[in-house]
Number of protein chains: 2
Amino acid sequence: MNMKENSKKPSIDDIARSLGVSKTLVSMVINNKTEKYGISEKTRKKVEDKIAEMGFMPNKAARRLRTGKSFLIGVIVPDISNPFYSKIVRIIEDKAQLDGYNPMICSSDEDSEKEISLIKMLVDSQQVDGLILSSTLEKADELDFLRKRNFPCVLIDRSLPEANLPTVSVDNEQGAFAATETLIKSGCKHIALFAISPGYISTIEERKKGYLKAIQQYKLSSDKKMIVEIPYNDIKNAVYENLDGLLKKKTGKLDGLFAGNNNIALACMEYFIEHKIKVPEQLKFVSFDDIDVFRFSSPTISAVEQPVEEIGSWSFKVLKELLENGNNLQNPAKISLPTRFIKRKSS
Amino acid sequence: MNMKENSKKPSIDDIARSLGVSKTLVSMVINNKTEKYGISEKTRKKVEDKIAEMGFMPNKAARRLRTGKSFLIGVIVPDISNPFYSKIVRIIEDKAQLDGYNPMICSSDEDSEKEISLIKMLVDSQQVDGLILSSTLEKADELDFLRKRNFPCVLIDRSLPEANLPTVSVDNEQGAFAATETLIKSGCKHIALFAISPGYISTIEERKKGYLKAIQQYKLSSDKKMIVEIPYNDIKNAVYENLDGLLKKKTGKLDGLFAGNNNIALACMEYFIEHKIKVPEQLKFVSFDDIDVFRFSSPTISAVEQPVEEIGSWSFKVLKELLENGNNLQNPAKISLPTRFIKRKSS
DNA sequence: GTGAAAGCGCTAACAG
DNA sequence: CTGTTAGCGCTTTCAC
């Protein structure tokens with residue numbers, strides 16, 4: 001009763017047979033190697049026409065098995081539904097396509113174990129040719145198995161200490177410094193930083209550093225309790241609890257808040273609305289990452305903008321270099337892009 | 001000078017040889033077929049240990065070539081960096097992973113040709129087992145080559161007329177009706193709908209229908225010019241020009257605006273700010289798609305919320321059904337999910 | 001200029 | 001319960 005599957009996909013063999021030539025010839029045509037092997041224009045044309053006629057597309061699995069090259073690249077980010085990452089990924093997709101690569105995109109959920117298993121699956125199972133990684137890992141040696149194999153891998157957004165891997169990142173310290181400085185200059189004395197945990201992530205560390213540098217440079221009293229870690233999985237509750245605590249304090253009451261990323265900022269903003277906290281009058285507020293919300297909210301939110309386009313295009317550019325010319329383990333590219341602080345009404 | 005690649009990946013052969021057994025046995029263990037073939041617990045354990053010890057992972061290219069099954073699914077959306085789609089995709093990723101599938105995610109940029117070539121690449125080249133498609137195509141027959149092969153494919157978000165393919169979508173008409181009705185009930189007489197082009201996309205058509213239904217039901221004068229098409233590639237300019245025109249009119253001046261999707265809404269909101277248009281006093285405003293911005297903007301924006309979670313999980317569920325039990329071309333699943341109108345301050 | 005043949009790593013039919 | 005074997009579709013070496 002089922003509809004019959006009439007038209008199986010043609011293989012290279014079908015093309016060859018229907019033309020009375022060998023598979024070799026067809027293969028050479030597919031791979032633009034006719035020149036190299038001195039195939040005549042006429043023959044090439046003949047084969048090409050047949051390929052078009054039969055709608056032949058080479059089977060990548062077979063090619064992959066034979067050549068060991070997949071023209072796939074693995075892309076792992078913490079969460080593809082976070083606009084910061086989805087924008088980067090989109091750029092990578094476009095750039096990769098231009099060079100015939102297809103990305104396999106995965107979300108690690110800030111989970112080191114999941115990340116490792118995704119990497120293994122991409123590298124060992126799917127045989128991606130290279131990896132672009134916004135890593136959640138704590139230590140570089142968890143990636144040693146890649147390094148040992150000299151596997152093309154570029155770190156983006158987050159660097160890894162002593163990783164010795166090419167990295168495309170952003171000057172988080174400078175960005176955080178600028179953000180904190182703004183708060184200080186507008187009169188804040190008690191500034192908290194809400195940063196996503198785990199705290200060892202390089203971007204978080206650098207943001208903390210920038211924050212502390214500003215605090216110290218302007219001789220504000222620094223208090224360890226003003227740097228709070230917000231767990232990735234429970235942002236809203238953590239933000240609410242901490243804000244409750246910090247705003248209740250009699251002495252040293254919070255008057256400036258720096259949200260370490262866009263999700264934390266959103267939770268803070270919800271809190272402000274629910275608890276009728278007036279920003280910037282009662283509390284000045286800035287955030288890392290610039291998202292659409294910040295331009296339209298009331299008040300508009302000052303934020304550290306990251307150059308997503310550039311992160312995306314550089315990351316593929318660097319990976320491509322690795323893919324084509326091999327790793328230079330002694331001296332991996334380290335690209336650090338500037339951020340831009342956008343001052344709006346919240347600070 | 002280069003670091004030697006010491007540790008090649010082990011193959012099924014290596015495992016078998018180092019254990020003195022056959023590849024078959026190892027293969028059976030990998031694929032959990034030991035029960036089926038009555039392999040002893042002991043042997044299985046022995047093989048499994050070796051696999052763990054050598055860090056073996058089956059080569060998917062080989063498996064794919066042999067079995068014709070890739071455990072890959074293709075996912076094509078107009079733009080992965082649009083939060084509406086990135087959220088759906090994220091759900092699909094999670095659900096697929098639970099069943100051992102990996103998504104290959106692509107953006108079509110609302111370009112039919114690009115979409116077709118992506119489909120071909122996914123299906124013929126990458127050999128994905130199934131497809132989840134938020135299609136930009138005009139007519140279903142462009143997908144006939146898939147239907148002929150009985151290829152598992154589910155349409156999401158947008159349906160295709162006479163496609164006879166399983167579809168997971170949303171009741172756009174009802175959503176648009178509710179949105180328009182709100183505008184009418186709050187006193188608007190001259191309501192425009194800004195919809196993304198191409199206008200033949202089912203969601204757009206349905207939204208137009210819902211809009212018109214409300215207009216007619218409440219006996220407002222309907223004017224063709226009040227439905228404007230905004231090209232995907234030039235949203236901002238188109239929105240600005242049309243708003244300029246419609247707001248300048250002496251008679252029948254615009255007093256209500258319905259943005260057909262989130263990107264259009266953002267452009268409108270920028271316009272409002274730049275031109276100091278007071279919403280809702282001067283112009284009432286609603287949008288399709290609910291994004292974070294709408295909850296925080298001033299004023300907050302009323303919007304038709306789509307059940308992204310459900311779209312994502314249903315789409316994989318339906319595809320899985322196809323994958324496991326085959327197509328039912330006579331009677332494909334058509335799942336229509338309700339939308340929810342969220343009234344905020346803008347209307 | 002072109003073709004024959006081997007083999008990438010895996011699965012499954014069949015044999016024992 | 002376990003092994004032998006053929007072959008998926010392609011690229012590449014070598015031969016003519």
Side-chain angles (χ1 to χ4, degrees), chain A residues 5 8-48 50-51 54-72 100 123-127 129, chain B residues 8-48 50-51 54-72 100 121 123-127 129:
Chain A
E5 195 168 317
K8 273 235 72 60
K9 257 180 311 183
S11 79
I12 200 174
D13 241 348
D14 299 325
I15 304 285
R17 225 185 350 254
S18 79
L19 237 36
V21 300
S22 76
K23 307 193 285 180
T24 315
L25 178 60
V26 181
S27 171
M28 290 187 306
V29 172
I30 300 168
N31 296 292
N32 294 316
K33 291 192 175 156
T34 46
E35 293 237 351
K36 187 173 158 192
Y37 289 100
I39 306 296
S40 73
E41 204 39 33
K42 223 192 314 169
T43 331
R44 209 210 59 207
K45 184 83 173 62
K46 190 177 65 175
V47 176
E48 271 176 355
K50 199 69 188 179
I51 286 173
M54 302 186 62
F56 164 78
M57 297 202 84
N59 179 323
K60 300 231 179 187
R63 177 178 286 179
R64 195 167 301 174
L65 181 57
R66 178 64 230 238
T67 62
K69 192 148 166 63
S70 65
F71 284 94
L72 246 33
V123 173
D124 290 337
S125 257
Q126 304 286 3
Q127 321 221 126
D129 294 334
Chain B
K8 274 232 76 54
K9 256 180 312 183
S11 80
I12 200 174
D13 241 349
D14 299 326
I15 304 284
R17 224 183 352 249
S18 79
L19 237 37
V21 300
S22 77
K23 305 195 287 181
T24 315
L25 178 59
V26 181
S27 172
M28 290 187 305
V29 173
I30 299 167
N31 296 293
N32 294 315
K33 291 189 177 162
T34 46
E35 293 237 351
K36 187 173 158 192
Y37 289 100
I39 305 298
S40 73
E41 199 47 24
K42 224 191 310 171
T43 331
R44 210 210 57 210
K45 184 85 172 59
K46 189 176 66 176
V47 176
E48 270 174 356
K50 199 72 187 176
I51 286 174
M54 302 185 64
F56 164 77
M57 296 205 83
N59 179 324
K60 300 232 178 184
R63 176 179 287 177
R64 195 168 303 174
L65 181 57
R66 177 62 230 240
T67 61
K69 190 145 168 66
S70 66
F71 285 95
L72 245 33
M121 170 245 140
V123 173
D124 289 339
S125 256
Q126 303 286 5
Q127 322 220 127
D129 294 333

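Proteins get letters first, then strands, A, B, ... in listed order; numbering begins at 1 in each.
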Between the protein and nucleotides 14-16 of chain C, which nitrogen or oxygen pairs come in under 3.5 angstrom?
none

Select base, sugar-phosphate, or nothing to describe what K33(B) touches, counting heavy atoms under 4.0 Å on all strands.
->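 Touches sugar-phosphate only.
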Quick one: closest heavy-atom pair of [X] and [Y], and the distance?
| X | Y | result |
| --- | --- | --- |
| I51(B) | V29(B) | CD1-CG1, 4.4 Å |
| K23(A) | I12(A) | O-CD1, 3.9 Å |
| M54(A) | P10(A) | O-CG, 3.4 Å |

Atom [atom1] of [X] and atom [atom2] of [N]: how far apart are they, to the nearest Å?
| X | N | atom1 | atom2 | answer |
| --- | --- | --- | --- | --- |
| Q127(B) | dG9(D) | CD | P | 9 Å |
| K69(B) | dC10(C) | NZ | C1' | 16 Å |
| I51(A) | dC10(D) | CD1 | C1' | 13 Å |
| M57(A) | dG9(D) | CE | P | 16 Å |
| N31(B) | dC10(C) | CG | P | 10 Å |
| D13(A) | dC8(D) | CG | P | 9 Å |
| F71(A) | dC10(D) | CZ | P | 15 Å |
| I30(A) | dT12(D) | CD1 | P | 12 Å |

If you draw a 6.0 Å radius around NZ in K45(B), do more than 12 non-hydrogen atoms from other residues or ligands fall strictly inside?
->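 12 or below, so no.
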Check step by step if side-chain contact (heavy atoms from CB on, under 4.5 Å) holds for K46(A) and V21(A).
-> CA-CA 11 Å; K46(A) 190 177 65 175; V21(A) 300; 4.2 Å; yes
Rounded to the nearest 0.5 Å, how far apart are [atom1] of [X] and [atom2] of [Y]?
| X | Y | atom1 | atom2 | answer |
| --- | --- | --- | --- | --- |
| D14(B) | L19(B) | CG | CG | 11.5 Å |
| K69(A) | T67(A) | NZ | OG1 | 8.0 Å |
| T24(B) | I39(B) | OG1 | CD1 | 9.5 Å |
| I15(A) | S22(A) | CD1 | OG | 13.0 Å |

Near-strand residues of residues 15-29 of chain A, defined as heavy-atom separation under 4.0 angstrom from DNA chain D =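 Contacts with DNA chain D under 4.0 Å: K23(A), T24(A), S27(A).
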Specify the residues of residues 59-68 of chain A, ordered by number, for which at least one heavy atom lies under 4.0 angstrom from an atom of DNA chain D.
->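 Those residues whose heavy atoms fall under 4.0 Å from DNA chain D, taken from residues 59-68 of chain A in numerical order, are N59(A), A62(A), R63(A), R66(A), T67(A).
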Ignoring backbone atoms, establish whether T43(A) has a side-chain N or O less than 4.0 Å from OP1 or OP2 of dG1(C).
->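 Answer no for this pair, as no side-chain N or O of T43(A) is under 4.0 Å from OP1 or OP2.
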Using the C1' atoms of five pairs at each end, what's the angle between the two axes of the helix from dG1(C)-dC16(D) to dG16(C)-dC1(D), to 10 degrees?
->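 It comes to 40° between the two terminal axes.
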Name every donor-acceptor pair, under 3.5 Å, that has one atom in a side chain of residues 56-66 of chain A and the other anywhere in the protein, sequence neighbours excluded.
unit_1: N59(A); atom_1: OD1; unit_2: A61(A); atom_2: N; d: 2.7
unit_1: N59(A); atom_1: OD1; unit_2: A62(A); atom_2: N; d: 3.1
unit_1: N59(A); atom_1: ND2; unit_2: Q127(B); atom_2: OE1; d: 2.9
unit_1: R64(A); atom_1: NH2; unit_2: Q126(B); atom_2: OE1; d: 3.0

Results of salt bridge (Lys or Arg N to Asp or Glu O under 4.0 Å) for E41(A) - residues two or more places apart only |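 In terms of salt bridge (Lys or Arg N to Asp or Glu O under 4.0 Å), with neighbours along the sequence ignored, E41(A) is linked to R44(A).
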